[in-house]
Asks: 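This is the structure, below, for whatever I ask next.
Reminder, nothing fancy here: chain letters follow the sequence lines and each chain counts from 1. What you see below is based on every heavy atom in this structure, not just the backbone, and it leaves out hydrogens, waters and symmetry mates.
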Amino acid sequence: MLKLGDCFQNALNTEMNEHLNLVTSIKVLVVDRKMDFLGYVADMLHSCSFEVTCVDHSGAALKLLAKKKIKFDLLLIDSDMTDVDVHTFLSLTKNMDVLPIVMSEQEDDAFLFEALKNGAFLVLKRPLTIDAVRHMRQDIIRERIHKHEKCKKKNMVVKATTQATPIQENIRSGRKRKETCGPMKQVINKTNIDNNLLYQSSEEEEEDDDDDDDSTQKRVCLEWTPELHKKFLDAISELGEGRCFPKEILNLMDVPGLTRMQVASHLQGWGNGETSGAGAGDALPVPFTPVDIPNPYLSWDNFG
DNA sequence: CAAAGAATAT
DNA sequence: GATATTCTTT
């Protein structure tokens, strides 16, 4: 027997579950090279019911973020990392779906500005206080609420538009890819991030790559910021424009977390454009000195 | 097999 | 249009 009140109760329950989902299992990745501080921060985060993963250098952090095995809400980075400059690190995480928060000893505006410009959500003074952590938690929850509401709206729109269409199962346009029979390409990459991982707390979170809460997970992709691009150019000019291979560029750039593929892709895209021409619209005032470019066909137009 | 480079896909 | 991913060649 269904009483009128039950419906109401159900609605209330689902709403409560919704809220519960939005305020629990907030995952944070902490990056700090100092172990003791890492422990201190982790404890504090735990006490505010965060799920904490700690890492002692940025390379490990970038790998974890790129793998997307765990969907981190928050990235807490110490400003003085040995392996890479914070601002570079920030720009690397720009398009990943996390809120980056920088912990810093410094308080000057120059630093603050640079960090914020590079995508930091907040810059906090060290040592972290419990209050700051509580605030961070609220930031995340607010973020989640906004996302959730956007999602709900989107779903409603989708439902409305696809009302009467039969479920056309993915006949992807164009040619079919990899329909070849034979051993599936299921090479499990043995990534050894565990070497760099100090510890992972909370449960062992083994969700497959289905979307957990919020549907579409944003595709992460690297943004080639001017800083990164400068490193790239420096590497190339050091190698000589003639023979510069992605792997060597990668090594020379020495940016943790950057992959050879990404460099290759950038090289391809960059190479298609103007290669150090007579400065049509070069965005960067990089003192790029081309080394032995064979250019026997200088424009004859110059001679009338 | 690994890496580069070209061709596509997102 | 920028970046990623896949395919083909080296």
Asks: Please report the closest heavy-atom contact between A/Ile130 and A/Met44, naming both atoms and the distance.
Replies: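 Nearest heavy atoms, A/Ile130 then A/Met44: CD1-CG, 3.4 Å.
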
Asks: Quick one: A/Phe232 CZ to C/dT3 P, roughly how many Å, whole number?
Replies: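 Taking CZ of A/Phe232 and P of C/dT3, I get 11 Å after rounding.
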
Asks: Rounded to the nearest Å, what distance is computed from the NZ atom of residue A/Lys94 to the P atom of nucleotide C/dT3?
Replies: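 The answer, rounded to whole Å, is 12 Å.
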
Asks: Taking only heavy atoms on the protein side, list every residue of residues 244-258 of chain A lying under 4.0 Å from any atom of DNA chain B, sorted numerically.
Replies: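 Residues of residues 244-258 of chain A that come under 4.0 Å of DNA chain B are, in numerical order, A/Phe245, A/Pro246, A/Lys247.
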
Asks: Should A/Ile77 and A/Val86 be marked as a side-chain contact (heavy atoms from CB on, under 4.5 Å) after you check the CA-CA gap, both sets of side-chain angles, and the distance that decides it?
Replies: CA-CA 8 Å; A/Ile77 31 180; A/Val86 216; 4.2 Å; yes

Asks: Using the side-chain heavy atoms of A/Cys221, tell me which of these nucleotides is nearest: C/dT5, B/dA4, C/dT3.
Replies: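 Of C/dT5, B/dA4, C/dT3, C/dT3 is nearest to the side chain of A/Cys221.
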
Asks: What's the CZ-C1' distance between A/Arg260 and B/dA3, to the nearest Å?
Replies: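 Rounded to whole Å, this separation is 5 Å.
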
Asks: So which one's nearest nucleotide on DNA chain C is more toward 5', A/Met261 or A/Glu223?
Replies: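 In this pair, the answer is A/Glu223.
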
Asks: What is the separation between atom NE2 on A/His266 and atom C1' on C/dA4, rounded to the nearest whole Å?
Replies: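 To the nearest whole Å, that distance equals 14 Å.
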
Asks: Determine whether more than 12 heavy atoms belonging to other residues, nucleotides or ligands lie under 6.0 Å from atom NZ of A/Lys34.
Replies: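 Yes, enclosed.
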
Asks: Record whether the side chain of A/Gln268 comes under 3.5 Å of the base of B/dA6 through a donor-acceptor pair of N or O atoms.
Replies: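 Between B/dA6 and A/Gln268, which were checked side chain against base, a qualifying N/O pair under 3.5 Å is present.
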
Asks: For A/His266, which residues count as a side chain to side chain donor-acceptor pair (under 3.5 Å) partner, sequence neighbours excluded?
Replies: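 Side chain to side chain donor-acceptor pair (under 3.5 Å) check on A/His266 returns A/His229.
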
Asks: Can you give each donor-acceptor pair under 3.5 Å made by side-chain atoms of residues 100-107 of chain A, sequence neighbours left out, with the distance rounded to 0.1 Å?
Replies:
from: A/Ser104; atom 1: OG; to: A/Gln106; atom 2: N; distance (Å): 2.9
from: A/Ser104; atom 1: OG; to: A/Gln106; atom 2: O; distance (Å): 3.3
from: A/Glu105; atom 1: OE1; to: A/Arg126; atom 2: NH2; distance (Å): 2.4

Asks: With no hydrogens and no angle check, just 3.5 Å: does a side-chain donor-acceptor pair link A/Thr259 and A/Gln262?
Replies: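 Yes.
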
Asks: B/dG5 P sits how many Å from A/Trp270 CH2, rounded?
Replies: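 For the pair A/Trp270 CH2 and B/dG5 P, the rounded distance is 13 Å.
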
Asks: OP1, OP2 of C/dT3 versus side-chain N and O of A/Gln262: anything below 4.0 Å?
Replies: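 For C/dT3, OP1/OP2 do not have a side-chain N/O of A/Gln262 under 4.0 Å.
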
